[in-house]
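Quick caveat, the model's predicted, so the values are computed rather than measured. We use all heavy atoms of the structure for the numbers below, so side chains are in, but hydrogens, waters and symmetry mates are not. Both ligands and their constituent atoms are indexed starting at 1 by order of listing.
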Amino acid sequence: MSAPATSVRVPRYAAALDFNALWQEFPPAPDYFEGPYQRSRDELHAIQDERFLRQMERAWQVPFYRKHWSAAGMQPGDIRSLDDLRRIPPFSVHDLRVELQEEPFWADYIGIDPAADAPMPLIVQTSGGTTGLPRPMIFTPRDREVMNIITGRRLFMQGVRPYDLVQVALSMGLTNGGVLAREGIWKYTGAIPVMTGSGAQTPTRRQIELMRAWKVKHLIGFPAYLKHMGLVARDELGIEPRSLGIKSLIVHLGVDDRGALEELWSADVYDTYGCNECGTMAAECGHKSAMHVFEDAFVMEVNDLETLQPKAQGERGVVFITTLFKHAAPMIRYNMNDVTSWAEGTCACGTHQRGITKIYGRSDNMVKLRGVNVFPEAIGAVISAEPRCNGEYVCVLEGTPGGREDITVMAEARDGSVDAAGLAAELALRLKEALGVKLNVQVVKGGALDPMTGLSQTSKIKRLIDRRSKGAA
Ligand SMILES: [Zn+2]
């Protein structure tokens, strides 16, 4: 038997990057807070402009953009500065799905050709994949390291310090959430990630026992799961979550009730905005006044859903993102389908970077019901504000034979003493007031919705179940 071939070129991660140069360009915490974080708008614009033109050059090498942009009559060099950004046609997840039908892994938007390009250490993470196969996103060492640096900055901003234990209740699987948190914590904060994962990986009771025994300081997870965890501690284990010494809950908050979660754990809740394709894009600082966009790595737009024109401060629109650092699958005017608004005023932390208020919901999850735009997340906000409910809910969308569409909101009662019919009628009135459209409401007993939402088993909780016939959808 002969020895293994030595002529094969095997790429090594640490040799694939000049870390010192990278840290100059994208400073990790704490250097970042004396660098780009403090820059004026003009200085930030200059950094963005230069990085944007380089990102455009790279994007022209990616078959997906060559195809789309050429079809729109664009030529390399047409875009001369960031001020031309709006001349570039946007794209969305639907365009990525079309590419994946032809090639489910090395899709045209990735821009790497294993037959021609020198090997490099790559990793893949995917979307949740609720319909069909999940969407792969491949990261080169530099892409990944910038995302790790930004994760570290975000956590530092939210109080994570060396030797802190950070419990991550997100699964370590195909999706990015848990994996990226681990890399960012471990490499760029000096804190120690405790990867408990979702309730399916480490049962909720065990998560709480660990947290108490190891003196965990921060929790990362979905708000609904962290709330569930707090209630299990209090109601099933007789452990008061406030006594556990948790300092911060780091979540994608959206329209969930920050006050209730802070009260339950006696901890600060920090909102964060990120996605599988790009990692963290914006996050709140200790003042919780807005999610500051990491503008040395991203250009964010908030545009009207229909006209695609930019929205003024305070007006709701959909997020478009342009990355300033990606080699594999650069994102140029990617329509995220997330609805937000620019925050008004400045933050006491002194940054000049623009901030967004919160994510109100997904425009593709939004249901148009009798002319009114309804977000399941807004329904959730009404349900969580009701003390006789435990906050769990699911919306069932159905089409009636007459062609009319209806939403039935199912909400769990806090305990057996609640008058379900009376409460349902009250909630229906409140939802009508809040949303401007009438919904059916059913109040059910605690835990009854678990099989529908997947609350105790997955970290991706379902809030909208579409039972319309395929043709109507
Ligand atoms: Zn701030």
Side-chain angles (χ1 to χ4, degrees), residues 26-48 146-162 164 166 180-181 184-185 188-191 217-220 223 246-259 261-262 265 267-275 278-302 311-317 319 321 324 336 338-360:
F26 295 95
D31 304 4
Y32 168 71
F33 297 97
E34 290 175 355
Y37 196 75
Q38 302 276 359
R39 299 269 161 77
S40 69
R41 291 295 321 156
D42 284 350
E43 286 171 301
L44 278 168
H45 190 272
I47 294 173
Q48 288 187 318
V146 173
M147 288 161 65
N148 292 338
I149 288 170
I150 293 173
T151 304
R153 291 173 177 178
R154 178 248 289 194
L155 296 169
F156 187 89
M157 206 156 83
Q158 299 173 341
V160 174
R161 293 292 178 269
D164 285 357
V166 185
L180 187 61
I185 295 165
Y188 288 105
T189 68
K217 276 204 177 146
H218 313 272
L219 297 179
I220 298 184
I246 300 294
K247 284 175 66 179
S248 50
L249 308 179
I250 296 166
V251 297
H252 291 281
L253 187 64
V255 292
D256 275 332
D257 187 345
R258 185 197 303 260
L261 204 51
E262 292 194 330
W265 285 94
D268 284 302
V269 169
Y270 296 111
D271 199 1
T272 290
Y273 178 47
C275 66
C278 314
T280 303
M281 298 178 284
E284 285 181 334
C285 70
H287 298 281
K288 307 181 210 171
S289 69
M291 288 190 276
H292 305 312
V293 180
F294 293 94
E295 288 189 292
D296 62 338
F298 300 101
V299 177
M300 192 178 284
E301 300 171 67
V302 178
K311 286 294 195 183
Q313 275 191 349
E315 293 176 355
R316 290 190 195 185
V319 174
I321 201 78
L324 300 176
M336 298 289 308
D338 292 318
V339 176
T340 190
S341 60
W342 291 116
E344 301 184 46
T346 51
C347 183
C349 72
T351 188
H352 297 289
Q353 298 184 88
R354 298 190 81 182
I356 50 173
T357 50
K358 62 170 84 171
I359 301 299
Y360 293 97

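- R316 contributes atom CZ, which lies 11.0 Å from atom NZ of K311 (distance to the nearest 0.5 angstrom).
- The pair D268-K288 counts as a salt bridge, with a side-chain nitrogen and a carboxylate oxygen less than 4.0 angstrom apart.
- A donor atom on one side chain and an acceptor atom on the other are found under 3.5 Å apart for S248 and H218.
- Between Y37 and H292, the two ring planes are perpendicular [angle over 60°; tilted spans 30° to 60°].
- Among the heteroatoms counted here (N, O or S) of H292, NE2 is the one nearest to the Zn ion (ligand 1).
- For the pair SG of C285 and SG of C347, the angle whose vertex sits at the Zn ion (ligand 1) is 110° to 10 degrees.
- Within the 2.8 Å limit, H287 places no N, O or S atom next to the Zn ion (ligand 1).
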